[in-house]
Amino acid sequence: MSPETVAPAKTPAGAGRTDRSRTRERAARRHRFLVHGTRVLLLVGLLGLWEWLARAAVIDPFNFSMPSKIWDQMSQWALHGTPQGSLWEQIWYTLHEALLGWVIGVIGGVVLGIALGRIRFLADVLGPYIKVLNALPRIVLAPIFLIWFGLGPASKVASAVVLVFFPVFFNAFQGAREVDRNLVANSRILGASNRQVTLHVVIPSATSWIFTSLHVSFGFALIGAIVGEYIGATKGLGLLVSASQGTFNAAGVYAAMVILAVVALLAEGLLAFLERRLFRWKPADPEGGR
């Protein structure tokens, strides 16, 4: 047989798939790098523009402050404390109130949401009352809680609870209603009781709905705690905002807001990590790796 008639070697199919996977991974890394780099540049640009406008007196630095003064204020609080005590004590005080209110609101929302989603009679009876309570501007309840529970953490926890409860409740309720009826019917055929159906079919099916509400509900818990502290408290970041406003310290107001934003972002990152660990069985979003 002559050399010209020898058939070319074929590339194994597995090698081709590996090359395509590597190409997609490199593209995903480049996309993530581009996104993160653009975010950083945008933040630096906005902060630089703010600093320049304040120093050039285009905006009033007394009212709008500037990033350098905000950084100085945070450094002073971190190194020398606040008029109310250590900065870390203020952060923990607010975070403790928000966490406690968040946990209570989440448990109440999940339990009542699943119960009303599973029991039609309860939904028909309590539905109108929940809608009326949800229509109330819940922030205005903070002064009432302050009268009821005083300046201590209980009034801030109550404010956080009412803000967290409703988004969690409605997601849990909808998740219980959206469960696959075929799964429920098959469970019944296999002899599952109502309790077993709820624990092993309904709640797992509603978990993704519940986690969706958790991402926003912790921010609501922080808002509830901060608003309660702003109205009246002995410690906390909300009190720092109120005290800074009372002394016309714009840098202090912005510094407290930055600290709150960092706390909220850390909590969001932790929830996202827990969600990825809990839902490892779910197929990856084709756009998620980009």
Side-chain angles (χ1 to χ4, degrees), residues 93-178 202-203 206-243 245-246 253 256-257 259-261 263-265 267-268 271:
Y93 199 78
T94 299
L95 190 58
H96 173 261
E97 294 166 344
L99 278 172
L100 187 56
W102 181 72
V103 169
I104 296 173
V106 166
I107 293 175
V110 169
V111 171
L112 198 59
I114 296 294
L116 267 66
R118 290 284 295 145
I119 305 173
R120 174 76 64 175
F121 178 76
L122 281 180
D124 292 339
V125 172
L126 299 180
Y129 296 103
I130 292 176
K131 290 179 181 178
V132 169
L133 292 174
N134 184 50
L136 291 174
R138 291 181 290 280
I139 289 296
V140 302
L141 295 176
I144 298 176
F145 294 144
L146 186 65
I147 296 172
W148 287 354
F149 303 117
L151 295 175
S155 57
K156 288 73 178 174
V157 171
S159 298
V161 168
V162 297
L163 287 177
V164 169
F165 171 82
F166 288 97
V168 176
F169 165 80
F170 285 114
N171 273 44
F173 176 80
Q174 192 64 30
R177 285 292 179 90
E178 294 292 333
V202 176
I203 292 179
T207 304
S208 58
W209 288 80
I210 295 169
F211 258 92
T212 300
S213 66
L214 297 187
H215 287 284
V216 296
S217 62
F218 187 78
F220 289 157
L222 279 175
I223 292 172
I226 290 298
V227 169
E229 292 171 351
Y230 183 85
I231 294 174
T234 57
K235 293 180 182 178
L237 293 176
L239 180 60
L240 281 183
V241 174
S242 178
Q245 181 191 20
V253 175
M257 291 170 60
I259 295 169
L260 280 171
V263 171
L265 286 175
E268 169 68 20
L271 284 173

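Nothing here was measured: the structure is a model prediction, and the numbers come from that model. Numbers here are sequence positions counted from 1.
Note: L126 CG to L133 CG = 10.5 Å, rounded to the nearest 0.5 Å. The NZ atom of K235 sits 10.5 Å away from atom CD of E97, with the distance rounded to the nearest 0.5 Å. Atom OH of Y93 and atom CG of L240 lie 13.0 Å apart (nearest 0.5 Å). Put simply, OH on Y230 and CD1 on I223 are 15.0 Å apart, with the number rounded to the nearest 0.5 Å. Taking CZ from F220 and OG from S213, the interatomic distance works out to 10.0 Å, rounded to the nearest 0.5 Å. Distance check, rounded to the nearest 0.5 Å: CZ of F173 to CG of L112 gives 10.0 Å.
For the residue pair F170 and I130, the shortest heavy atom distance occurs at CZ-CG2, 4.0 Å. In plain terms, the two heavy atoms of A221 and A98 that are nearest each other are CB-O, 3.5 Å. Contact record, G224 with S159: O-CB, 3.5 Å, taken as the closest heavy-atom pair. Nearest approach of L100 to V157, heavy atoms of both residues: CD2-CG2, 3.9 Å.
Using a 4.5 Å heavy-atom cutoff, the side chains of L222 and W102 are not in contact. Between N134 and F169 the shortest side-chain heavy-atom distance does not fall below 4.5 Å. Looking at heavy atoms from C-beta onward, V125 lies out of side-chain contact with L122 at the 4.5 angstrom threshold. Counting only heavy atoms from C-beta outward, the side chains of W148 and S155 never approach each other to under 4.5 Å. Using a 4.5 Å heavy-atom threshold, the side chains of V168 and S217 count as touching. Annotation: side chain of V162 is in contact with side chain of F145 (closest heavy-atom distance under 4.5 Å).
Counting only distance, with no hydrogens or angles, the side chain of K156 and the backbone of L151 share a donor-acceptor pair below 3.5 Å. Remark: the backbone N or O of L163 is not paired with any side-chain donor or acceptor of R138 at under 3.5 angstrom.
Across I231, T94, L239, a single residue satisfies side chain to side chain contact (heavy atoms under 4.5 Å, CB included) together with I226, and that is T94.
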From CA spacing to verdict: side chain to side chain contact (heavy atoms under 4.5 Å, CB included), L99, F218: CA-CA 8 Å; L99 278 172; F218 187 78; 3.6 Å; yes
